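Side-chain atoms are counted along with the backbone in the values below, which use heavy atoms only and exclude waters and symmetry mates. Being a predicted model, the structure only gives us computed values, none of them experimental. Heads up: numbering here begins at 1 and tracks the sequence.
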Amino acid sequence: DVVTCVVSIDYLNKPLEVFKEVARVLRPGGKFICSQSNRCFPTKAIAIWLQTNDLEHAFIIGSYFHYSGVFKPAFAKDISPTGGFFPSDPMFIIQGEV
């Protein structure tokens, strides 16, 4: 099983409750994959998100996995596109498993 959250973690008001619910519906060994860019709607994002950088965003999401108390240690991966004629937005994956 897999649950995804695509560039929306920064809008969660109760992230630990969401992470616990995701773990509840996943089978053992199931994965929760969160993708994150550095783009957001500032009027909707949680305050700490606007005061932190890309690396700190990965730490914030990692702490949600950790403090939910139901996931194995999460890992992060930079999957930002490289090359091309124009620079693109960074993209990161933070993944945990029950």
Q: Determine the minimum heavy-atom distance between V2 and L26, stating which atoms define it.
A: N-CD2, 4.0 Å
(Q) Within a 6.0 Å radius of atom CZ on F59, are there more than 12 heavy atoms belonging to other residues, nucleotides or ligands? (A) no
Q: Give, for atom CD1 of I79 and atom CE of M91, the distance between the pair rounded to the nearest 0.5 Å.
A: 6.0 Å
Q. Which atoms form the tightest heavy-atom contact between F32 and F65, and what is the distance?
A. O-CZ, 3.5 Å
Q | Where S37 and V7 come nearest, the two heavy atoms and their spacing | A | N-CG1, 3.7 Å
Q | Salt bridge flag under 4.0 Å for residues E17 and K20 | A | no
Q | Trace of the side chain to side chain contact (heavy atoms under 4.5 Å, CB included) decision for I46 with L12 | A | CA-CA 7 Å; I46 58 172; L12 296 179; 6.0 Å; no
Q | Straight-line distance of N38 CG to H57 NE2, nearest 0.5 Å | A | 8.0 Å
Q. Just how far is it from atom CH2 of W49 to atom CD of E56, taken to the nearest 0.5 Å?
A. 10.5 Å
Q. Taking atom CZ of F41 and atom CG of D10, what is their separation to the nearest 0.5 Å?
A. 10.0 Å
**Q.** Test ring pair (Phe, Tyr, Trp, His ring centres under 6.0 Å) applied to Y67 and F19, step by step
**A.** CA-CA 9 Å; Y67 289 110; F19 276 64; over 10 Å; no
(Q) Quick check for you: to the nearest 0.5 Å, what is the distance between D78 atom CG and I93 atom CD1? (A) 10.0 Å
Q.
I'd like to know if the side chain of Q51 and the backbone of I48 have a donor-acceptor N/O pair within less than 3.5 Å.
A. no
Q: Locate the shortest heavy-atom distance separating V98 from V70; write the atom from each residue and the value.
A: CG1-O, 3.6 Å
Q. Side chain to side chain contact (heavy atoms under 4.5 Å, CB included) between Y64 and C34: does it pass, once the steps are laid out?
A. CA-CA 11 Å; Y64 295 162; C34 303; over 6 Å; no
Q) Closest approach of L50 and P42, non-hydrogen atoms and distance? A) CD1-O, 3.5 Å
Q. Roughly how far, to the nearest 0.5 Å, is the NE2 atom of H66 from the CD1 atom of I61?
A. 16.0 Å
